[in-house]
Asks: 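Let me begin by handing over the structure; questions about it come next.
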Amino acid sequence: MHAPDGHTRTCGLIGNPVAHTLSPLIQNHMAQATGQNLVYLPFPVARDDLGAAVRGALALGFLGLNVTVPYKSDVIAHLAEIDPLAERIGAVNTLVRCPGGFKGYNTDMPGLYRAMEQDGVEIAGRDVVILGAGGVARAVAVMLLYRGAAGVHILNRTEDKARAVAQEVNSMAGRTFARAYALADYGQIPGADWLVVQATSAGMHPRVEDAPIEAPEFYRHVEIGYDLIFNPGVTRFMKLTENSGGRAYNGAKMLVYQGIIAFELWTGTTISQSTADELCRMMAQA
Ligand code: NAP
């Protein structure tokens, strides 16, 4: 690794909390692998300081920033430009220097798309079941619309939130692309062999015994269960999927690819497949 010197470029992560983030591991590994003189550091930022943090990073010559919970939407007010996909999704996780400030991107969803491609999960023309209706579930629905899925079935504990997300995505689509259900109403989903994206926080460390749905009748239909949680590496949702004969994936590859896309935007370099594979192995052990 380059020892920091007068030419070192800085990138960072802002959010609150950031103490347990894996992004420095991912980003500094890529800097080393590509021979870039770059360091990446986490910065906890209080809500009232968000604008000052973005302006400060700009003034200090930062190459870019990642933005995490709870600021992915609030940071939009502090940008000079925004990428159209990020604008549609309504969440920005990557800031790249541009004339007059930072341009905001969403690399979470392109990251998920690349992860699914790598795992051989086809989206185009397919109906997809989404569990959850939070910020990430909404972003997944928008990504699936843009990537040519046939439609999405959004199931959420709070059904009203699923309805609101479906309505928003349908108005973007100009047709009925998304349908909303309560979690218990999975019996209304047509077809068999579902691709299910698990976008709730149920089962995330430390509540590892939780799953959004327990019913074996649900899991009997799941051909592919794609959990966006990466800690633990095997969630209860994944175990239930596999126990019923389905294939299950976790969110570690999504985390790696959102980081790769951000690094490529900042540095203009391309990360090789072998470095990407190495990062995925590192995340499996982190
Ligand atoms: P969020 O906005 O807080 O939404 C949480 C969602 O989970 C809501 O739909 C909520 O339902 C549901 N939920 C929470 N506890 C539940 C339970 N016990 N049973 C059923 N549903 C439950 O969160 P988010 O920002 O969308 O993030 C969702 C997940 O995405 C996170 O847990 C994280 O693991 C994952 N994620 C992964 C990556 C990655 O790189 N792999 C990146 C970002 C996020 P209600 O509406 O009823 O409350």
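When a ligand or atom number is given, it counts from 1 through the structure's own listing order. Source: prediction; values computed, not measured.
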Asks: Near Ala202, which atoms of ligand 1 are under 4.0 Å from a heavy atom of that residue?
Replies: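 Near Ala202, the atoms of ligand 1 are 16 (C), 17 (C), 18 (N), 19 (N).
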Asks: As an exercise, identify every atom of ligand 1 less than 4.0 angstrom from a heavy atom of Ala199.
Replies: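 Matching atoms, with element in brackets: 28 (C), 29 (C).
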Asks: May I ask whether atom 3 (O) of ligand 1 is less than 4.0 Å from at least one protein heavy atom?
Replies: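 Given the 4.0 Å limit, the answer for atom 3 (O) of ligand 1 is no, no protein heavy atom qualifies.
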Asks: Which atoms of ligand 1 are found less than 4.0 Å from any heavy atom of Met254?
Replies: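 Ligand 1 atoms under the 4.0 Å threshold to Met254: 38 (C), 39 (C), 40 (O), 41 (N), 42 (C).
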Asks: Looking only at side-chain N and O atoms, does Asn37 offer a donor or acceptor that is under 3.5 Å from a partner on Asp5?
Replies: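 A pair is found: one side chain offers a donor N or O, the other an acceptor, under 3.5 Å apart.
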Asks: Relative to ligand 1, is Arg157 under 4.0 angstrom through side chain, backbone, both or neither, heavy atoms considered?
Replies: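 Within the 4.0 Å criterion, Arg157 contacts ligand 1 through backbone and side-chain atoms alike.
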Asks: Closest non-hydrogen protein atom to atom 37 (C) of ligand 1, residue and atom name please, with distance?
Replies: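 For atom 37 (C) of ligand 1, the nearest protein heavy atom is Leu228 O, 3.1 Å.
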Asks: Hey, is CD on Glu122 packed in by over 12 heavy atoms from elsewhere, all under 6.0 Å?
Replies: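 Open: at most 12 neighbouring heavy atoms sit under 6.0 Å from CD of Glu122.
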Asks: So is Arg114 actually on top of Tyr257's ring, under 6.0 Å and inside 45° of the axis?
Replies: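 Judged by the rule, Arg114 and Tyr257 form no cation-pi pair.
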Asks: Between Val256, Thr235, Thr158, Thr200, which one has a non-hydrogen atom sitting closest to atom 21 (N) of ligand 1?
Replies: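 Selected option, by shortest heavy-atom distance: Thr200.
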Asks: Between the side chains of Glu223 and Arg126, is the shortest nitrogen-to-carboxylate-oxygen separation below 4.0 Å, so that they form an ion pair?
Replies: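 Glu223 and Arg126: salt-bridged.
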Asks: Suppose I only count heavy atoms of Leu255 and a 4.0 Å limit; which atoms of ligand 1 are within that range?
Replies: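 By the 4.0 Å cutoff, the relevant atoms are 40 (O).
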Asks: Give the intermediate values and the outcome of salt bridge (Lys or Arg N to Asp or Glu O under 4.0 Å) for residues Arg247 and Glu242.
Replies: CA-CA 6 Å; Arg247 272 154 64 199; Glu242 287 177 339; over 6 Å; no
Asks: Can you find a heavy atom in the side chain of Thr270 that is under 4.5 Å from one in the side chain of Glu264?
Replies: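 Yes, close enough: below the 4.5 Å cut-off.
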Asks: Taking only heavy atoms of Lys161, which atoms of ligand 1 are found under 4.0 Å from at least one of them?
Replies: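 Those qualifying, in numeric order: 45 (P), 46 (O), 48 (O).
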Asks: So if I count the atoms of ligand 1 from 1 in the order they appear, which ones are less than 4.0 Å from some heavy atom of Gly135?
Replies: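 Reading through ligand 1 atom by atom, the close ones are 2 (O), 26 (O).
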Asks: My question is simple, although I want it checked carefully: is atom 23 (O) of ligand 1 less than 4.0 angstrom from any protein heavy atom?
Replies: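 No.
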Asks: Is Met204 close enough to touch ligand 1? Criterion: a residue heavy atom under 4.0 Å from a ligand atom.
Replies: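 It does, in that a heavy atom of Met204 comes within the 4.0 Å cut-off of ligand 1.
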Asks: Run the ring-centre check on Tyr186 versus Trp194 and record whether the distance is less than 6.0 Å.
Replies: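 No; Trp194 has its ring centre 6.0 Å or more from that of Tyr186.
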Asks: Classify the side-chain pair Gln273/Gln118 by whether it contains a donor and acceptor separated by less than 3.5 Å.
Replies: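 There is such a pair between these side chains.
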Asks: Starting at CD1 of Ile224, measure out to CG of Leu195 and round the result to the nearest 0.5 Å.
Replies: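 Output value for this atom pair is 5.5 Å.
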Asks: With atom 5 (C) of ligand 1 as the reference point, say which of Ser23, Ala133, Ser201, Pro70 has the nearest heavy atom.
Replies: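 The nearest heavy atom belongs to Ser201.
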Asks: Nearest to atom 11 (O) of ligand 1, what protein heavy atom do you find, and at what distance?
Replies: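 Checked against all protein heavy atoms, atom 11 (O) of ligand 1 sits closest to Asn156 OD1, 3.3 Å.
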Asks: As a test of understanding, state which of Asp227, Asn250, Thr241 forms a side-chain hydrogen bond (donor to acceptor under 3.5 Å, both in side chains) with Gln198.
Replies: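 Passing option: Asp227.
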Asks: Does any N/O atom on Pro212 come nearer than 3.5 Å to any N/O atom on ligand 1?
Replies: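 No, Pro212 has no N/O under 3.5 Å of an N/O on ligand 1.
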Asks: Could you list the atoms of ligand 1 found under 4.0 angstrom from a heavy atom of Ile229?
Replies: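 It comes down to these atoms of ligand 1: 34 (O).
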Asks: Atom 1 (P) of ligand 1: which protein heavy atom is closest, and how many Å away?
Replies: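 Its nearest protein heavy-atom neighbour is Gly134 CA, 4.1 Å.
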Asks: For atom 44 (C) of ligand 1, which candidate among Val136, Leu22, Val165, Asp210 provides the closest heavy atom?
Replies: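 It is Val136 whose heavy atom sits nearest to atom 44 (C) of ligand 1.
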Asks: Hey, which atoms in ligand 1 end up nearer than 4.0 Å to a heavy atom of Gly132?
Replies: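 Answer, ordered by atom number: 9 (O).
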Asks: Say you draw a straight line from CG of Leu112 to CD of Gln258; how long is it, rounded to the nearest 0.5 Å?
Replies: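 Separation between the atoms: 11.0 Å.
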